[in-house]
Amino acid sequence: MTDIRTILEERLQAAFDTVEAGADPVLRPSDHADFQVNGTLPLAKRLGRNPRELAEGLLAAVDLGGICETVEVSGPGFLNLTLSAGFLADQLQAMAADEALGLAPTADPVTVVVDYSAPNVAKEMHVGHLRSTIIGDALVRLLQAAGHEVVRENHVGDWGTPFGMLIEHLLDLGEEEATSELSVGDLDGFYRQARASFDADEAFAARARARVVLLQSGDPETLRLWGILVGQSIAYFDEVYAKLGVLLTDADVVGESFYNPMLEGVVADLEALGLLVENDGARCVFPPGFANRQGDPLPLIIRKSDGGYGYAATDLAAIRDRVDRLGAGRILYVVGAPQAQHLQMCFAVARLAGWLPEGVEAVHVAFGSVLGPDRKVFRTRAGSTVKLVDLLDEAVARAAGEVAERNPDLDEGTRRDMARALGVGAVKYADLSNDRAKDYVFDMDRMLAAQGDTGPYLQYAHARVRNIFARGEVDPPPAGSPLVLAEPAERALGLRLLRFGDAVAGARQAADPHRLCLFLYETASAFSSFYDHCPVLKAPDGPTRLSRLALADLTARVLARGLGLLGIEAPDRM
RNA sequence: GCCCUCGUAGCUCAGCGGAUAGAGCACCGGCCUCCGGAGCCGGUGGCGCAGGUUCGAGUCCUGCCGAGGGCGCCA
């Protein structure tokens with residue numbers, strides 16, 4: 001099926017071309033009609049003509065027969081388009097018959113590498129990882145749905161100086177004891193103890209430093225111990241991912257250590273290109289356009305004065321690997337906003353070195369911080385970071401209370417599934433429905449509220465639709481069933497549903513899931529209004545009943561699919 | 001000091017250069033002859049300040065004020 005927007009744009013373009021070839025009609029949704037054409041005003045300005053007269057002329061020239069009920073010149077010279085109910089009904093019928101709900105695959109699929117989540121070995125996942133993981137997951141789903149080849153990369157922090165003390169702590173505890181501690185997910189406890197020994201015990205610190213050297217020199221026994229830490233942590237991350245219901249698995253882990261063998265080449269090649277500058281013993285690149293607080297050029301440190309590699313070296317190696325080995329046409333970094341400058345510098349250096357060719361896009365999909373009620377970075381009352389699992393468990397537990405109250409008749413397993421879908425969905429939706437770039441205040445009461453722009457409200461709307469069929473013991477009408485949009489609420493819902501493709505495309509192009517959230521909330525609202533005003537099972541006649549059932553079914557499918565693209569479940573009951 | 005992001009209703013947020021700036025929460029008032037009231041319908045209330053570009057600015061540009069973040073060997 002061809003979406004309405006495309007159809008309208010084609011017809012309008014033909015009319016605009018008669019006045020000035022290529023003039024953009026600037027078609028937009030409107031508060032005053034279904035769509036409005038804004039392009040008349042700039043065009044009139046350019047031609048020095050009266051905008052209303054020009055609009056009148058275009059109105060006469062444009063062929064919208066069978067599509068629009070009315071087209072009129074309005075205000076200073078806009079064209080207001082009101083679609084005909086019959087056309088809308090036909091479009092909806094086609095959409096309902098389409099498995100993909102009108103979501104068309106992209107014309108130019110590329111390989112997109114999405115770098116997200118990135119927890120640290122032997123460190124707890126916290127709310128910062130929540131944002132990266134959830135936003136990244138939604139973007140992966142949106143891109144896959146468009147037919148892009150998506151490579152998920154979880155850039156786990158599995159290398160660096162802290163591993164000296166972590167390995168020594170592991171030895172002090174004994175392998176078995178350490179393994180069991182890590183397997184229950186007390187990662188922060190493990191890390192804290194290691195840190196404490198390092199700070200308090202000089203002998204331990206010396207062992208830790210020696211251990212770093214062994215690790216970096218590839219000592220087999222040290223690598224084996226390191227592998228225990230990494231393996232246990234990744235197993236733990238997998239549990240968290242499963243709890244979150246995201247697509248990431250341990251197969252997507254491409255840790256920092258993966259790039260170790262490539263670092264020497266990064267340095268050598270930068271050297272050969274003449275980009276590397278020795279500065280205070282460190283080897284740096286100074287990409288143009290970056291300055292420090294004195295206004296001097298800002299370095300990207302590739303190799304530290306102690307001979308170790310900076311994380312910039314790893315990030316550059318990753319870019320090369322993604323372009324050369326994975327064939328990336330676009331790389332998305334779902335990373336917090338504070339790292340903007342670092343990433344921009346890496347991209348700049350990669351461009352200078354020719355590792356990031358002209359046609360390959362590198363995009364920092366930046367996001368703001370999660371704040372506590374005091375508007376400071378979210379922490380527990382004790383001042384430590386909040387464990388992601390604790391947060392999820394609390395959300396699910398609260399949802400479970402709600403579910404038990406409303407569905408005392410259901411068996412425990414079903415209730416548990418519902419509570420999980422509800423609790424996790426609430427947390428995800430709250431995060432995704434905010435503008436990525438902004439900080440947001442974490443408020444569990446609000447995200448779990450059943451009213452307002454929340455996950456539970458959307459899931460409820462979906463469950464309500466599904467329940468029409470369960471309660472009425474009817475199946476959704478077969479594909480191709482005719483629709484009638486007689487009531488204003490039917491028309492409003494129908495028009496809303498037809499904008500699904502636009503909403504999905506917009507969210508994908510801007511890498512901004514909150515646009516899809518907004519659409520889904522509006523859809524749920526439109527459905528609720530429709531459901532209140534238009535009896536479905538008790539419709540006045542057979543054709544109306546069938547049409548409303550078809551509209552209800554399409555609503556359920558759009559909500560479920562839309563939520564699915566965000567990584568949020570849509571249970572049939574709740 | 002320089003750079004980046006953000007200032008929209010009491011609170012939390014939408015708003016793709018277009019008309020009278022929209023929601024939700026809270027508050028006030030309606031709707032149970034109703035298929036799920038976790039709902040629907042209505043009301044009160046707002047673009048940080050000052051310039052500029054434009055036919056038209058919440059949106060783009062400049063300056064100021066305010067908040068957060070970044071600014072050479074942690075990732």
Side-chain angles (χ1 to χ4, degrees), chain A residues 26 28-32 36 38-42 44-45 51 74-78 80 118 120 155 157 159-162 256 279-284 286 289-306 308-312 314-315 336-342 344 366 368-369 371 375-377 402 406 430 433-435 437-441 443 445-446 449-454 456-457 459-461 463-465 467-472 489 502 506 509-510 514-515 517-518 521-522 525 527-539 548 552 573-574:
Chain A
V26 192
R28 295 286 131 90
S30 176
D31 291 334
H32 305 275
Q36 65 185 52
N38 296 338
T40 42
L41 279 86
K45 179 68 182 172
S74 174
F78 303 111
N80 284 356
N120 294 305
H155 197 79
W159 202 256
T161 47
E256 288 167 4
N279 207 284
D280 289 344
R283 307 181 81 73
C284 317
F286 291 88
F290 297 90
N292 68 9
R293 67 184 83 203
Q294 278 81 40
D296 300 327
L298 189 63
L300 188 66
I301 294 175
I302 309 298
R303 187 159 203 172
K304 300 184 284 186
S305 52
D306 68 0
Y309 295 98
Y311 61 111
T314 308
D315 285 333
Q339 292 206 53
Q341 185 174 260
H342 166 72
Q344 292 312 322
S369 309
L371 307 177
R375 305 215 39 110
K376 303 277 187 193
V377 173
E402 200 70 21
R406 314 189 72 89
S433 61
N434 277 298
D435 182 349
K438 291 190 183 179
D439 298 345
Y440 78 96
V441 176
D443 181 344
D445 290 330
R446 200 157 50 82
Q451 57 276 67
D453 186 11
T454 67
Y457 174 81
Q459 289 171 322
Y460 169 68
R464 258 178 120 191
V465 191
N467 195 247
I468 294 171
F469 298 99
R471 182 65 64 92
D502 256 8
Q509 274 153 23
H514 100 270
R515 295 179 185 222
C517 293
L518 185 67
Y521 177 68
E522 285 170 344
S525 287
F527 173 77
S528 289
S529 184
F530 157 79
Y531 198 38
D532 218 63
H533 294 290
C534 305
V536 177
L537 291 171
K538 296 178 182 172
R548 289 179 179 172
R573 296 183 60 184
M574 55 178 277

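By convention in this document, chain letters (A, B, ...) are assigned in the order of the sequence lines, proteins followed by strands, and residues within each chain are numbered from 1.
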What's the gap between B/G58 and B/G15 when it is taken at their P atoms, as a whole Å value? 16 Å

For the residue pair A/Pro51 and A/Thr40, establish whether any side-chain heavy-atom pair is separated by less than 4.5 Å. no

Starting at CG of A/Leu371, measure out to OH of A/Tyr440 and round the result to the nearest 0.5 Å. 9.5 Å

Among B/A19, B/A75, B/G36, which nucleotide has an atom closest to any side-chain atom of A/Ser74? B/A19

Winner on side-chain proximity to A/Gln36, out of B/C40, B/G18, B/A38, is B/G18

When you measure only distances, ignoring hydrogens and angles, does the side chain of A/Arg464 come within 3.5 Å of the base of B/A38 through a donor and an acceptor? no

Strictly below 4.0 Å: does A/Lys304 bring a side-chain N or O up to OP1 or OP2 of B/C73? no

Taking OP1 and OP2 of B/G39, is either one under 4.0 Å from a side-chain nitrogen or oxygen of A/His533? no

Using the closest heavy atom to pick a nucleotide of RNA chain B for each, name whichever of A/His342 or A/Tyr531 lands nearer the 5' end. A/Tyr531

Between atom CD1 in A/Ile302 and atom P in B/C73, what is the gap in whole Å? 14 Å

For the residue pair A/Phe78 and A/Leu41, establish whether any side-chain heavy-atom pair is separated by less than 4.5 Å. yes

Taking the side chain as every heavy atom from C-beta outward, state whether A/Arg548 and A/Cys534 have any atom pair closer than 4.5 Å. yes

Report the nucleotide, chosen from B/A19, B/G72, B/G18, that has the shortest atom-to-atom distance to any side-chain atom of A/Arg28. B/G18

Pairing string, 5' to 3', for RNA chain B - Watson-Crick or wobble contacts under 3.5 Å, brackets [ ] where pairs cross, | to another strand: (((((((..((((....[...)))).(((((.......)))))....(((((..]....))))))))))))....

Is there a donor and acceptor pair closer than 3.5 Å between the side chain of A/Tyr460 and the base of B/A38? no

Record whether the side chain of A/Arg446 comes under 3.5 Å of the base of B/C25 through a donor-acceptor pair of N or O atoms. no

Looking only at N and O atoms, is any donor in the side chain of A/Asp439 or the base of B/G69 less than 3.5 Å from an acceptor on the other one? no

Do any side-chain nitrogens or oxygens of A/Tyr457 fall under 4.0 Å of OP1 or OP2 in B/C40? yes

Can you name the salt bridge (Lys or Arg N to Asp or Glu O under 4.0 Å) partners of A/Asp296, sequence neighbours left out? none

What N/O pairs connect the protein and nucleotides 4-11 of chain B at under 3.5 Å? Give each pair on its own line.
from: B/G7; atom 1: OP1; to: A/Lys438; atom 2: NZ; distance (Å): 3.2

So what does A/Pro456 touch, heavy atoms closer than 4.0 Å: a base, only the sugar-phosphate, or nothing? nothing

Would you say the side chain of A/His342 lies within less than 4.5 Å of the side chain of A/Asp315, judging by non-hydrogen atoms? yes

If you check the A/Lys538 side chain, which of B/G70, B/C35, B/C13 turns out closest? B/C35

Which nucleotide in the list B/G36, B/C71, B/C35 gets nearest to the side chain of A/Asn292? B/C71

How far does the P atom of B/G63 sit from the matching atom of B/C2, given to the nearest Å? 10 Å

Is the distance from OP1 or OP2 of B/C41 to the nearest side-chain N or O of A/Ser529 less than 4.0 Å? yes

With rounding to the closest Å, how many angstrom separate the P atoms on B/U8 and B/G68? 15 Å

Specify the separation, in whole Å, of atom OH of A/Tyr309 and atom C1' of B/A75. 17 Å

When all nucleic acid strands are considered with a 4.0 Å heavy-atom cut-off, which category describes A/Pro162: base, sugar-phosphate, or nothing? nothing

Judged by nearest nucleotide, the residue sitting upstream toward the 5' end of RNA chain B, A/Asp296 or A/Pro535, is A/Pro535

Of all the choices, B/C71, B/G36, B/G39, which nucleotide is nearest to the side chain of A/Leu298 once you look at every atom? B/C71

Rounded to the nearest 0.5 Å, how far does CZ of A/Arg406 lie from CZ of A/Arg573? 12.5 Å

Measure the spacing between NE2 of A/His155 and OH of A/Tyr311 and express it to the nearest 0.5 Å. 11.5 Å

Round to a whole Å and report the spacing from CZ of A/Phe530 to P of B/G36. 14 Å

Could you tell me whether the phosphate oxygens of B/C16, OP1 or OP2, come under 4.0 Å of any side-chain nitrogen or oxygen in A/Arg515? no

Distance check, P atoms only: B/G43 and B/G7, in whole angstrom units. 28 Å

Show your reasoning for whether side-chain contact (heavy atoms from CB on, under 4.5 Å) applies to A/Asn279 and A/Phe286. CA-CA 10 Å; A/Asn279 207 284; A/Phe286 291 88; 3.7 Å; yes

Just how far, in rounded Å, is C1' of B/G15 from CG of A/Leu518? 9 Å

Between P on B/C41 and CZ on A/Phe527, what's the gap in Å once rounded to a whole number? 13 Å

Touch check for A/Arg406, heavy atoms < 4.0 angstrom, all strands: base, sugar-phosphate only, or nothing? base

Nucleotide B/C74, atom P - distance to CG of A/Leu300 in whole Å: 14 Å

For A/Tyr440, answer base if it contacts any base atom (sugar-phosphate contacts may also be present), sugar-phosphate if it contacts only those atoms, and nothing otherwise; contact means non-hydrogen atoms under 4.0 Å. sugar-phosphate

Check the distance between B/A38's P and A/Arg573's CZ and give it to me in whole angstrom. 15 Å

Base of B/A19 paired with side chain of A/Asn80 (donor-acceptor, under 3.5 Å): yes

Looking at B/G69, I'd like to know if its phosphate oxygens (OP1 or OP2) sit under 4.0 Å from a side-chain N or O belonging to A/Lys376. no

Nearest of B/G70, B/G72, B/C25 to any side-chain atom of A/Pro338? B/G70

When all nucleic acid strands are considered with a 4.0 Å heavy-atom cut-off, which category describes A/Asp280: base, sugar-phosphate, or nothing? base

When all nucleic acid strands are considered with a 4.0 Å heavy-atom cut-off, which category describes A/Val26: base, sugar-phosphate, or nothing? nothing

Expressed as a whole number of angstroms, how long is the span from A/Asp453:CG to B/G39:P? 13 Å

Quantified in whole Å, what is the P atom distance between nucleotide B/G45 and nucleotide B/A9? 14 Å

Please step through side-chain contact (heavy atoms from CB on, under 4.5 Å) for the pair A/Arg446 and A/Thr454, ending with a clear verdict. CA-CA 8 Å; A/Arg446 200 157 50 82; A/Thr454 67; 5.6 Å; no

Please examine the side chains of A/Asp280 and A/Ser305, heavy atoms only from C-beta on, and report whether any two atoms are closer than 4.5 Å. no

At under 4.0 Å between heavy atoms, what does A/Cys534 touch on the DNA or RNA strands: base, sugar-phosphate, or nothing? base

So A/Gly75, base contact, sugar-phosphate only, or nothing? Heavy-atom distance under 4.0 Å. base

Would A/Tyr531 and A/Ile468 count as a side-chain contact (heavy atoms from CB on, under 4.5 Å) here? Give the steps. CA-CA 10 Å; A/Tyr531 198 38; A/Ile468 294 171; 3.4 Å; yes

Can you check whether A/Tyr521 has a side-chain N or O nearer than 4.0 Å to OP1 or OP2 of B/A14? no

Residue among A/Tyr460, A/Phe527, A/Tyr457 satisfying ring-ring contact (aromatic ring centres under 6.0 Å, His included) with A/Tyr521: A/Tyr457

